[in-house]
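No experiment lies behind these values; they were computed from the predicted model shown. We count residues from 1, following the sequence as given.
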Amino acid sequence: QVQLVESGGGLVQAGGSLRLSCAASGRTFSNYAMGWFRQAPGKGREFVASISWSGGSTYYTNPVKGRFTISRDNAKNTVYLQMNTLKPEDTAVYYCAGSSDAGGSPGSSWPYWGQGTQVTVSS
């Protein structure tokens, strides 16, 4: 079992930046791929970005490519999502997720979830 706790959300103006963090505890963090998902009001949860266990492979949904960067620090059991040039349409609850599929592709199974952190981008 892996426990995940997100932090770093908040209110920011369009064009601004935020960095989300997700601290993991429980089983060996480095054995898991990690991902970020988001859910906007009235919409379903969608994939944002993911990273393989080693950090060697990353994946992004098209709307965030070039603006968001996912990274991980296995020594700190933490995964990050650096979000730049934020837009109002990025407003959502952001969730950290873990997968035992080490490759971490978007189609992986993601059985481990954090509680979410709110990101609000004002225009």
Side-chain angles (χ1 to χ4, degrees):
Q1 193 78 331
V2 176
Q3 290 79 44
L4 304 172
V5 179
E6 303 97 333
S7 61
L11 173 64
V12 64
Q13 289 188 330
S17 299
L18 283 174
R19 188 176 81 156
L20 305 183
S21 300
C22 173
S25 61
R27 294 189 175 179
T28 305
F29 175 73
S30 59
N31 289 346
Y32 293 83
M34 299 299 296
W36 288 96
F37 293 72
R38 66 186 180 186
Q39 187 166 16
K43 296 187 177 181
R45 191 173 298 186
E46 65 171 355
F47 170 83
V48 177
S50 62
I51 187 167
S52 63
W53 70 274
S54 66
S57 297
T58 56
Y59 305 86
Y60 297 93
T61 187
N62 284 338
V64 310
K65 283 182 180 177
R67 300 189 297 122
F68 291 11
T69 303
I70 188 171
S71 61
R72 66 189 296 160
D73 185 337
N74 287 346
K76 295 183 177 180
N77 289 354
T78 302
V79 62
Y80 305 97
L81 185 68
Q82 178 67 44
M83 306 186 294
N84 298 329
T85 319
L86 282 160
K87 304 176 181 180
E89 52 263 43
D90 295 317
T91 295
V93 177
Y94 283 71
Y95 296 90
C96 176
S99 173
S100 56
D101 178 353
S105 64
S108 300
S109 173
W110 300 93
Y112 307 111
W113 293 89
Q115 82 289 349
T117 185
Q118 176 71 48
V119 171
T120 303
V121 184
S122 64
S123 57

Over 12 foreign heavy atoms within 6.0 Å of CD, Q13:
no
Report yes if the side chains of V119 and M83 come closer than 4.5 Å at any heavy-atom pair, otherwise no.
yes
Could you tell me the separation between the CG atom of D101 and the OG atom of S52, rounded to the nearest 0.5 Å?
10.0 Å
Quick one: CG on L81 to OG on S71, what's the gap to the nearest 0.5 Å?
8.5 Å
Is there a path of hydrophobic side-chain contacts, each under 4.5 Å between heavy atoms of I/L/V/M/F/W/Y residues, joining Y95 to Y60?
no
Which atom of S17 lies closest to which atom of N84, heavy atoms considered
OG-OD1, 2.9 Å
How far does OG1 of T69 sit from CZ of R19, to the nearest 0.5 angstrom?
11.5 Å
Cation-pi check, R45 to W110: give yes when NZ or CZ is under 6.0 Å from the six-membered ring centre and within 45° of the ring axis, no otherwise.
no
Side chain E6, main chain G116, donor-acceptor under 3.5 Å
yes
Drop me the distance from S123's OG to E89's CD, to the nearest 0.5 angstrom.
10.0 Å
Smallest heavy-atom separation, T85 atom then R67 atom, equals O-NH1, 2.9 Å
Between S99 and S108, the two heavy atoms sitting closest are OG-CB, 3.7 Å
Heavy-atom closest pair (M34 atom, C96 atom, distance to 0.1 Å) is CE-SG, 3.5 Å
Does V93 belong to the same Ile/Leu/Val/Met/Phe/Trp/Tyr cluster as W113, with side-chain heavy atoms less than 4.5 Å apart forming each link?
yes
Can you see which heavy atom on S50 is nearest to which on G104, and at what distance?
OG-O, 2.5 Å
Taking a hydrophobic cluster as the set of Ile, Leu, Val, Met, Phe, Trp and Tyr residues connected by side-chain heavy atoms closer than 4.5 Å, whether directly or through intermediates, do L18 and V48 fall within one such cluster?
yes
Keeping the roles fixed (side chain from Q115, backbone from V5), state whether a donor-acceptor pair exists under 3.5 Å.
no
At what distance, to the nearest 0.5 angstrom, does CH2 of W53 lie from CZ of R72?
9.0 Å
Reported OG1-to-CZ distance for the pair T61 and R38, which is rounded to 0.5 angstrom
7.0 Å
Quick check: do Q118 and L11 have side-chain heavy atoms less than 4.5 Å from each other?
no
Treating Ile, Leu, Val, Met, Phe, Trp and Tyr as nodes and any side-chain heavy-atom pair under 4.5 angstrom as an edge, say whether I51 and V64 lie in one connected cluster.
yes
Main chain of T91, side chain of T120: is a donor-acceptor contact present, judged purely on distance under 3.5 Å?
no
Hey, what's the ring geometry for F68 with Y94, parallel, tilted or perpendicular (30° and 60° as the breaks)?
tilted
In a check of side chain to side chain contact (heavy atoms under 4.5 Å, CB included) between V79 and each of I70, L20, L4, N74, which one passes?
I70
Do S100 and Y32 have side chains that get closer than 4.5 Å, going by heavy atoms?
yes
What's the shortest heavy-atom distance between W36 and S21, and which atoms?
CH2-O, 3.7 Å
